[in-house]
Structure formats: C-alpha cells, structure tokens
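Below is one structure, written out as structure tokens, with a few remarks after it.
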Amino acid sequence: MIPTGFRALPLPLAQLSLAAVLQCGQSFRWYIYPLLSNAPTSGISVPTHEYRLCLRDRVVCLRQSSDTLFYRSVFPGATPSSRSLSEREAETLAWIKGYFQLDVDLADLYDQWAERDPVFERNCSQRFSGIRMLRQDPFENLISFICSSNNNIARITKMVKALCQHYSPRLATLATPTSSDSIAVTETYHPFPPPSVLAAPDVPAALRMLGFGYRAEFIHKTAKMLVEAHGFGKPDEGGLEPAEKWLHALRGVSTSEAREELLKLMGVGRKVADCILLMSLDKREVIPVDTHVHQIAMKYYGVGGSSKGKTAMSPKLYDEVSSKLTAIWGDYAGWAHSVLFTSDLKSFASYGLPSPSPSPSVRTKKTRHSKAAVELVTPPATQTPPVAKRKRKATVIEEAESVVITETSKDASALPVVDEGLSMADRVKRRRRIRTSSVVSVR
DNA sequence: CGGTTACCGCCG
DNA sequence: GGCGGTAACC
C-alpha cells in the first residue's frame with residue numbers, strides 16, 4: 001500500500017536505512033516526523049517516520065518500509081506550471097538516486113569490509129545495515145561542518161536550521177504529516193543560503209545572536225573568501241553561484257589537491273576538510289579523524305597510541321590513524337568508517353535495533369549521542385525555537401522563486417593552479433598569507 | 001615545527 | 001569540566 005501522493009521505489013533496508021543515515025551526523029538539515037502508529041498490519045512493515053529536506057525549488061518528502069522507499073516532492077506556488085507532475089517527480093527520483101548514491105551496492109561493500117576486517121564483521125555487518133554515505137551539496141556541507149567543532153549533533157542541527165530560517169527566503173509552508181485538519185501544525189521550509197548571502201557584512205553579529213559563538217566569524221570569513229575569489233555574480237542557468245560551482249568542481253581533482261583548497265578556508269582544519277572531501281566531494285577513501293574515531297581506532301585496532309593516555313591529536317597522529325584505517329578498509333574506507341562510527345552510537349536503540357555490548361569507556365560517549373538522536377526525532381512543533389525564529393501563521397504553501405536543481409555539474413575545469421610538494425607547514429603559512437591579504441583587500 | 005591555549009554555548 | 005576542532009601563539 002502506497003501512502004497518498006507518494007511514489008514507490010523498491011529498495012531493501014540493507015541498501016539504505018533512512019533512520020540511521022539521516023541522523024548519524026552527515027546532514028543536519030532533514031526534518032523528521034514520527035507518523036501516527038496505525039494498527040499493527042499483519043506481516044507487512046509500514047513507515048514509522050516521514051523525512052523532509054528543502055531543496056532550492058522543492059521540498060522532498062520520504063518514507064520507508066522494509067522493502068520500499070516512498071517519495072514525493074512539494075513545490076511552492078498553487079498550480080504546477082510548465083512541466084508536468086510526472087516530469088518533476090522524475091527529477092526528484094533522479095535527485096534521490098544521486099543524493100543517496102544508489103548506484104553503489106552497499107551489500108557488496110559490507111561483504112568486502114567483513115572479509116577484510118574481523119572487527120567490522122563482528123560488530124557491524126549484521127546489526128547495522130543500510131548505512132551509506134550521502135552525496136551532499138558542498139557549500140552546505142562546508143558551512144555545516146564549520147559549525148561542528150566543539151559541538152554535538154543536536155546543537156549543530158539547531159544552528160544549521162536557524163541559519164537557513166534566517167538567511168534564506170521561505171520556500172514553502174507545509175502541514176506536518178501528522179497534523180489533523182482541526183489542529184493545523186505547520187513548518188516553514190527554507191533552502192540553504194548561497195555564499196553571497198553569508199558574505200554580507202552584518203552576518204557575524206547576526207550569527208552571534210543566533211548562538212553560533214566563535215563559529216560566526218569563521219562562516220562569514222569563509223563565505224567572503226569564496227565570494228571574493230570566485231565572484232558573487234548571481235546563479236548561472238543551474239542556479240549555482242560561481243563559488244558553489246568552484247566547490248563542485250573539486251569533485252574532479254585529486255584528494256590532496258581538493259584538501260589543500262579547503263584548508264585555505266577559515267574554520268576549516270584537517271578534520272573538517274576531510275569530512276567535506278568524503279561527504280560531498282566524492283573522496284570515498286578519506287577517513288576524518290575526530291576524538292571519537294581516535295577512540296575506536298585505539299580500542300579496536302590498536303592504532304594511534306594506547307587507549308589509556310589521552311594524547312593530543314597532532315597532525316602526525318592524525319595521518320597515522322587515518323591512513324592505517326584507510327589501509328584496512330580499502331577504496332571505500334570512508335564509507336566503512338561511517339558504519340563503524342554510527343554503530344558506536346547507541347541512538348538506534350529507539351528504532352528497535354539490538355545494541356552491541358560495549359565497554360564502559362565507549363558507553364559514556366554513546367549516552368551523549370543517544371540524547372542527541374532523541375532530540376532529533378522530537379516533532380519540531382514541540383522544540384524550543386531558535387532565538388530569532390519567528391512563529392508563523394498556519395498558512396499553507398506560499399509561492400517563491402523556483403529554480404531548477406542541478407546535482408550534475410561534474411566537470412573539473414577552471415580550477416586554480418595548486419602547488420605540489422609543499423609541506424604541511426608551507427601550506428599553513430600560505431593559508432595565513434591568503435587569509436591576511438583577503439582581509440586587507442576587503443577595503 | 002610540535003606543543004599549548006583561548007574560544008561560544010550548552011549540557012551533565 | 002568537557003565537547004565529533006581550529007587559529008593563534010610560543
């Protein structure tokens with residue numbers, strides 16, 4: 001049985017688990033709504049949640065059962081204009097296939113990882129299936145992970161959504177899936193703002209007010225650097241600003257070259273750069289090393305020092321941990337790392353999955369993430385609104401400018417020349433130079 | 001160069 | 001006190 005207005009895409013849970021993937025700290029912009037639990041239908045599984053993401057021109061809505069992904073998209077404006085409904089749903093389906101990278105057979109990868117790695121086989125291969133890497137928009141990914149330092153999933157999610165609400169015009173206002181006619185609960189949906197908007201002079205102060213802390217300046221400076229380096233001309237035919245196109249083009253260059261470019265941006269260190277490489281720039285072998293991954297590496301793989309002393313994460317240590325884990329898992333190491341990482345979060349107990357029996361040291365961290373995930377599934381209507389979030393009237397679907405989404409530009413042309421053979425120290429020096437000169441040139 | 005320290009805000 | 005870090009400073 002297909003939910004009203006949805007289309008069905010056959011897809012086993014082993015290939016994709018929305019409940020896991022959309023809450024494990026890759027994207028922070030999905031809205032998650034619990035559905036009213038219907039009477040237990042005999043045998044067949046029924047979706048328990050609806051997931052929504054606001055793109056440039058539409059809101060994508062997803063539900064999932066044990067063997068099917070249900071999707072539909074909602075457009076602003078009263079009547080579907082030029083293109084037909086089926087044409088637009090075809091676009092949405094194409095976006096889904098790209099965003100979730102459904103051409104990659106995840107079951108195959110799990111088999112390979114289990115074969116290469118006993119730890120993976122024992123801890124993950126059965127219990128945590130369907131965890132795959134999203135292919136996100138690079139600019140959104142960049143800004144989101146600048147927010148991630150000294151932070152947790154729940155707060156990052158709040159910050160990113162507040163940023164969209166504040167800096168992006170509302171695309172649509174929709175009733176939440178569970179709201180009845182008498183009690184209309186609505187949500188406003190805003191796309192992620194483009195670089196030029198975040199490069200405006202008043203952004204740092206405003207973001208401070210929104211609770212971004214020291215990250216406010218990072219975001220502003222990074223957006224400004226990108227805009228000044230690549231132009232703030234308005235979108236091309238694909239709806240992307242020059243700076244966004246440039247970021248997209250990093251998909252076509254080598255991992256090390258792309259990393260060097262990212263490291264020039266303010267607020268982007270090695271870990272954040274690696275997250276972007278892995279999650280939006282197609283560098284699937286890259287393993288971002290944070291303290292949590294470091295713990296896992298020491299505990300399960302004897303890599304990166306002993307698990308007793310708390311060693312600071314030096315660049316040398318980072319490289320050691322990252323490269324050794326990449327060696328273990330191979331070509332798709334970054335994807336495997338995501339499974340390991342997610343499996344170490346106890347947050348999925350609430351989805352009926354059996355939790356592993358962890359050691360005390362790891363359990364501490366699980367508690368924290370568990371809480372984060374619980375907050376995530378709370379219906380937005382009951383959440384404490386961000387400081388600057390205004391309550392809106394319960395109107396339904398407003399109009400807004402409509403732009404065609406493109407997740408397609410993949411050419412690597414027009415990239416700046418990157419020096420090879422520089423040491424890390426040289427790169428840092430150069431970055432400081434660029435940052436300084438950038439500030440000076442601001443006038 | 002490799003190691004420290006402050007940083008914004010929120011939570012245990 | 002400490003967090004899924006980074007920039008700035010010895």
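FYI, side chains are in, hydrogens and waters are out, and symmetry mates aren't considered; it's all heavy atoms of this structure. To find a chain, count down the sequence lines: A is the first, B the second, and so on, and within it residues start at 1.
Below the 3.5 angstrom threshold, one finds no donor paired with an acceptor across the side chain of Tyr318(A) and the base of dG5(C). Within 3.5 Å, a donor on the side chain of Arg215(A) pairs with an acceptor on the base of dC8(B), or the reverse. Counting atom types as modelled, Arg155(A) pairs a side-chain N or O with a base atom of dC8(B) as donor and acceptor under 3.5 Å.
When the side-chain contact (heavy atoms from CB on, under 4.5 Å) test is applied to His220(A), the partners found at least two apart in sequence or on another chain are Val203(A), Pro204(A), Lys224(A).
Ring planes of His49(A) and Tyr51(A): tilted class, angle from 30 to 60°.
Considering Lys283(A), Arg284(A), Glu260(A), Glu285(A) as possible partners of Thr255(A), the one that fulfils the side-chain hydrogen bond (donor to acceptor under 3.5 Å, both in side chains) test is Glu285(A). Across Glu187(A), Arg52(A), Glu50(A), a single residue satisfies side-chain hydrogen bond (donor to acceptor under 3.5 Å, both in side chains) together with Tyr33(A), and that is Glu187(A).
Backbone-only contact: Arg208(A) has heavy atoms under 4.0 Å from sugar-phosphate atoms and none from a base. As judged by a 4.0 angstrom heavy-atom cut-off over every strand, Val272(A) is placed among residues touching the sugar-phosphate backbone only.
OP1 and OP2 of dC3(C) both lie 4.0 Å or more from every side-chain N or O belonging to Thr291(A).
Stem list for DNA chain B (at least 3 consecutive Watson-Crick or G-U pairs, distances under 3.5 Å): B:2-7 with C:5-10, B:9-11 with C:1-3.
Separation of the Tyr167(A) and Phe192(A) ring centroids does not fall under the 6.0 Å cut-off.
For residues 191-201 of chain A, the set of pairs meeting the salt bridge (Lys or Arg N to Asp or Glu O under 4.0 Å) definition, not counting sequence neighbours, is empty.
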